[in-house]
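Everything on this sheet refers to the single structure shown next.
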Amino acid sequence: PGGCRDYTVQKEQYFVEYSEKYEYWDVITVEYPVLSGAGEWEETLNRIFYDTAMDKVNYWHLTPDDEVRKLQEEYSIYSSNVLCQVTFHSQYLMSVAFHETYAPISPVWYVHKTQRSANVNLMTGEAYELSDILRIDDDFMRLWCERAGKDYPDVILGDDDTRETLLQWFLGGDEELKDFFFFRPFFYVMEDGEFMVGISIDPNVRT
């Protein structure tokens, strides 16, 4: 009933300037929040934050699959910079936004920017995805295109074809592109109670 009131949040970093483990340079700075005094779910929540922050570093660098491992033979440098911001917190909910700039092959020719988020229930340890709080359908896409179109009027038109394409991206079901990109809807809560809702389209090793 009283929620989780006595916790604190501290930012920590995973940092690598150079490692002899690899035959190429790796320059990594990853921020993530760490909870203390958060009760029985503290370890679970901190793991969610850490894993979310390290998502791309793990995929492209630390825990590669066979395809990525082959690509690593061509690396000259791997770099990643992840910034995190606790955008909302209360005794029940904590919302964290992650902004990342990374270069899995070349920091000159192969640089990507991406976003993701972690939204957790401090009382149950549950993490929420966008589909947990909103019905992802054409009505949602109309609302999203109307709002996003104000910032990107030349890209997000809001017509039937655009909405259908975006809907498939939000649902992760684009048959032509799903083998080449990861489609990841995200949201985070702002201090004023408004929601930031977006989608990241991240390349995979086949791109």
Side-chain angles (χ1 to χ4, degrees), residues 27-32 52-61 67-68 71 74-88 95-119 127-207:
V27 181
I28 303 169
T29 305
V30 179
E31 286 185 346
Y32 54 92
T52 303
M54 296 290 289
D55 180 76
K56 291 303 173 191
V57 174
N58 287 335
Y59 175 80
W60 286 105
H61 188 59
E67 290 186 339
V68 175
L71 189 64
E74 305 173 16
Y75 286 173
S76 60
I77 185 171
Y78 178 87
S79 63
S80 178
N81 184 64
V82 180
L83 301 176
C84 78
Q85 179 185 6
V86 178
T87 58
F88 180 87
S95 191
V96 184
F98 297 90
H99 299 260
E100 180 173 15
T101 302
Y102 68 101
I105 296 176
S106 166
V108 177
W109 305 109
Y110 207 88
V111 177
H112 298 285
K113 291 187 176 181
T114 189
Q115 296 185 56
R116 52 190 175 273
S117 63
N119 303 277
Y128 300 114
E129 302 292 338
L130 181 63
S131 58
D132 294 324
I133 64 166
L134 291 174
R135 183 182 298 111
I136 310 301
D137 56 14
D138 188 61
D139 288 337
F140 163 76
M141 290 317 313
R142 286 180 184 275
L143 177 63
W144 192 84
C145 286
E146 178 183 348
R147 180 59 189 88
K150 295 179 181 178
D151 295 328
Y152 305 98
D154 297 330
V155 178
I156 301 174
L157 304 178
D159 58 285
D160 291 348
D161 290 340
T162 299
R163 290 200 318 275
E164 178 59 28
T165 297
L166 287 168
L167 178 60
Q168 294 307 311
W169 290 1
F170 270 85
L171 295 174
D174 191 310
E175 294 299 326
E176 294 183 4
L177 297 178
K178 68 180 183 180
D179 290 335
F180 302 96
F181 296 93
F182 298 108
F183 297 92
R184 174 174 291 177
F186 65 87
F187 80 95
Y188 50 89
V189 187
M190 308 295 288
E191 284 294 343
D192 58 8
E194 292 191 357
F195 280 58
M196 180 70 71
V197 178
I199 184 168
S200 289
I201 304 170
D202 301 313
N204 67 20
V205 72
R206 300 182 185 180
T207 303

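Note: hydrogens, waters and symmetry copies are ignored here, and every other heavy atom, side chains too, is used.
- Residues Phe182 and Tyr59 place their aromatic rings such that the two centres sit under 6.0 Å apart.
- Closest non-hydrogen pair, Phe98 versus Ser117, comes out as CD1-CA, 4.1 Å.
- Between Pro104 and Tyr102, the closest heavy-atom pair is CD-CD1, 3.6 Å.
- When every heavy atom of Ala53 is checked against every heavy atom of Val82, the shortest pair comes out as O-CG2, 3.9 Å.
- Scanning all heavy atoms of the two residues, the minimum distance from Ile105 to Ser76 falls at O-OG, 3.8 Å.
- The residue from Leu171, Leu177, Leu166 that alone fulfils the side-chain contact (heavy atoms from CB on, under 4.5 Å) condition with Phe183 is Leu177.
- Rounding to the nearest 0.5 angstrom, the gap separating the CD atom in Gln168 from the CD atom in Glu176 is 11.0 Å.
- Just one residue in the list Val197, Val86, Thr87 forms a side-chain contact (heavy atoms from CB on, under 4.5 Å) with Tyr188, and that residue is Thr87.
- Side-chain contact check for Phe180 versus Pro203: every heavy-atom pair is 4.5 Å or farther apart.
- The structure places CD of Glu146 at 12.0 Å from CE of Met141, a figure rounded to the nearest 0.5 Å.
- In plain terms, the two heavy atoms of Phe88 and Val189 that are nearest each other are CB-O, 3.3 Å.
- Judged by distance alone, the side chain of Asp151 and the main-chain N or O of Ala148 form no donor-acceptor pair under 3.5 Å.
- Few gaps surround CD on Glu191; more than 12 heavy atoms of other groups in view lie less than 6.0 Å from it.
- Remark: the backbone N or O of Asp179 is paired with a side-chain donor or acceptor of Asn204 at under 3.5 angstrom.
- Looking only at side-chain heavy atoms (C-beta outward), Val96 and Tyr32 stay at 4.5 Å or farther from each other.
- Across Val205 and Glu67, no two heavy atoms sit closer than the pair CG1-OE1, 3.1 Å.
- The pair Arg135-Asp139 does not count as a salt bridge, with every side-chain nitrogen at least 4.0 angstrom from each carboxylate oxygen.
- Counting non-hydrogen atoms of other residues, nucleotides and ligands closer than 6.0 Å to NZ of Lys178 gives a total above 12.
- Under a 4.0 Å N-O distance rule, the pair Lys56/Asp202 qualifies as a salt bridge.
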Practice task
Step by step, work out the side-chain contact (heavy atoms from CB on, under 4.5 Å) result for Asp161 and Glu164.
Solution key: CA-CA 5 Å; Asp161 290 340; Glu164 178 59 28; 5.8 Å; no

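- Aromatic ring orientation, His112 versus Tyr110: perpendicular (interplanar angle above 60°, classes split at 30° and 60°).
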Practice task
List the steps, then state whether side-chain contact (heavy atoms from CB on, under 4.5 Å) holds for Leu83 with Asn81.
Solution key: CA-CA 7 Å; Leu83 301 176; Asn81 184 64; 3.9 Å; yes

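- Judged by distance alone, the side chain of Arg116 and the main-chain N or O of Thr52 form a donor-acceptor pair under 3.5 Å.
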Handout entry: Worked verdict on Asp55 versus Arg184 for side-chain contact (heavy atoms from CB on, under 4.5 Å)
Key = CA-CA 12 Å; Asp55 180 76; Arg184 174 174 291 177; 3.3 Å; yes

Practice task
With side-chain contact (heavy atoms from CB on, under 4.5 Å) as the test, would you mind laying out the steps for Leu130 and Phe140 before giving the verdict?
Solution key: CA-CA 11 Å; Leu130 181 63; Phe140 163 76; 4.2 Å; yes

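- Aromatic rings from Phe170 and Trp144 are positioned such that their centres are separated by under 6.0 Å.
- Taking CD1 of Ile156 as the start and SG of Cys145 as the end, the distance is 6.0 Å to the nearest 0.5 Å.
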Exercise for the section: Could you walk me through whether Glu100 and Ser80 pass the side-chain hydrogen bond (donor to acceptor under 3.5 Å, both in side chains) test, one step at a time? Expected result: CA-CA 7 Å; Glu100 180 173 15; Ser80 178; 2.5 Å; yes

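- The existence of a salt bridge linking Arg142 and Asp138 is confirmed by a sub-4.0 Å separation between a basic side-chain nitrogen and an acidic carboxylate oxygen.
- Considering CG of Leu157 and OG1 of Thr165, their distance stands at 10.5 Å, rounded to 0.5 Å.
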